[in-house]
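Remarks on the structure that follows.
In the text below, chain A, chain B and the rest are named by the order of the sequence lines, each starting its count at 1.
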Amino acid sequence: MRQVTTHNSRIAWRRFDCSKSPLHLEATLRTGQSFRWCRDANGVWWGTIESVGVALWQPDGEPYGDLYWQTFPEPDLWEVVEDYLQLRTDLESLYCRWSFAEPRLAEVFRAFAGLRVLRQPPEECLFAFLCATTNTVTKIERSVRYLAERYGARICTGLDKPATLFAFPSVSALSAADERDLRAGLWGYRAPFVIKTAQKLLQKPQGWLRALRDVPYAEAHEALLEFPGVGPKVADCVCLFALDKWEAVPVDRHIYRLGVRLFLPHFEGRSLTPRLYKAVAEAFRERFGPMAGWAQQTLFYAEAGLYRRPDKESSRQRRF
DNA sequence: CAGGTC
DNA sequence: GCTGG
């Protein structure tokens, strides 16, 4: 654990070696699973995990290189970082299994090695994906950021750079939010979903949502469907990104297109109905096993083309 | 046209 | 069918 100094801020960096199990930080934080991470001019990623502020930095973005990290205001909360990034999950054995099951995709898994599914705070994840329906990643990011800065508590970093970060708002703060205010904050028709879901969540016992981590996938998925604005797709996102349901496969239009093309060609051309949603998700689980959701996340990144800079050309050419 | 839901 | 790139 040596000290490293960046240009315009002094951070007492801690170091973690990713040579044995990779972490592709940019792909992980920019895959459309978490929406509030920002990269500054020095290449440092800033975000929050519950009430903890976090700085992450990967020199040259090398997935098998070193990860530098620190927490704020309380320093050295490694377990918070490790848990969130799921750094104990052995990806190499997964890539081996997936590539054996689906050789056509081996190259893709290798190309984005180190892309991890996060283990997010369940409440932030649920509310973020309430806003993800028929929306763009860029706009979701702005919307969730708006929620945090408007209704969330400040986290003091003690630095001049990001002097403060914002914790995601409490459920009670969201339940009392003004609908017109939310509509203006880019949430549009989703605004009442946020307020009603927050109010419904307040009726539950303390820690109810998080406790879904300890029940089977089907049960957790079913429980989430009772909230307004939550359908099968959003429920799968929360299951996968926050509730440890790694067999959950969110099927959006990108995953649907890829799944039909590769696994269910006889469905080519048909629209995404609940029945075909289930069929594609099952096809993923049959091939990739109990961690099918992780395979899905890499393929989503590739299929949705999130990795290429927002350049106008480079038409959608499929290499797989 | 965008990581769907009511 | 809410909104913006």
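Per the geometry, CG belonging to Asn135(A) stands 9 Å off P belonging to dG4(B), to the nearest Å. In this structure, the CZ atom of Arg183(A) is 17 Å from the C1' atom of dG4(C), given to the nearest Å. Distance, Trp187(A) CH2 to dT5(B) P: 14 Å, rounded to whole Å. Protein atom CD1 of Ile140(A) is 18 Å distant from nucleotide atom P of dC1(B), rounded to whole Å. As rounded to whole Å, 11 Å separates atom C1' of dC2(C) from atom CZ of Phe193(A). The nearest whole Å value for the distance from the CZ atom in Arg180(A) to the C1' atom in dC2(C) is 17 Å. Atom pair Glu226(A):CD and dT5(B):P shows a separation of 15 Å (rounding to whole Å applied).
In the interface, the side chain of Glu303(A) is not paired with the base of dG3(B) through any donor and acceptor atom under 3.5 Å apart. The base of dG3(B) does not come close enough to the side chain of Tyr256(A) for any donor and acceptor atom to sit less than 3.5 Å apart. Between the base of dG4(C) and the side chain of Lys139(A) there is no donor-acceptor pair shorter than 3.5 Å.
Ring orientation note: the planes of Phe284(A) and Phe288(A) are tilted relative to one another, at an angle of 30° to 60°.
Of the possible donor and acceptor atoms, one in the side chain of Gln120(A) sits under 3.5 Å from a partner among the backbone N and O of Gln33(A). Formation of a donor-acceptor pair under 3.5 Å by the Thr164(A) side chain with backbone atoms of Cys156(A) is not found in this model.
Using a 4.0 Å heavy-atom cutoff across all strands shown, Gly231(A) reaches sugar-phosphate atoms only and no base atom. Residue contacts shown for Tyr277(A) are absent, as no nucleic acid heavy atom lies under 4.0 Å away. Across all strands, Phe129(A) comes closer than 4.0 Å to no nucleic acid atom at all (heavy-atom distances).
Partner assigned to dC6(B) is none, using Watson-Crick or G-U wobble distances below 3.5 angstrom.
Donor-acceptor pairing under 3.5 Å is recorded for the side chains of Tyr151(A) and Asp181(A).
Comparing Thr31(A) and Leu225(A) by the nucleotide of DNA chain B that holds the closest heavy atom to each, the one mapping nearer the 5' end is Thr31(A). When each of Leu186(A) and Thr134(A) is assigned the nucleotide of DNA chain C with its nearest heavy atom, Thr134(A) is the one assigned upstream, toward the 5' end.
The salt bridge (charged side-chain N to carboxylate O under 4.0 Å, His left out) with Asp83(A) is formed by just one residue from the set Arg119(A), Arg116(A), Arg88(A); it is Arg119(A).
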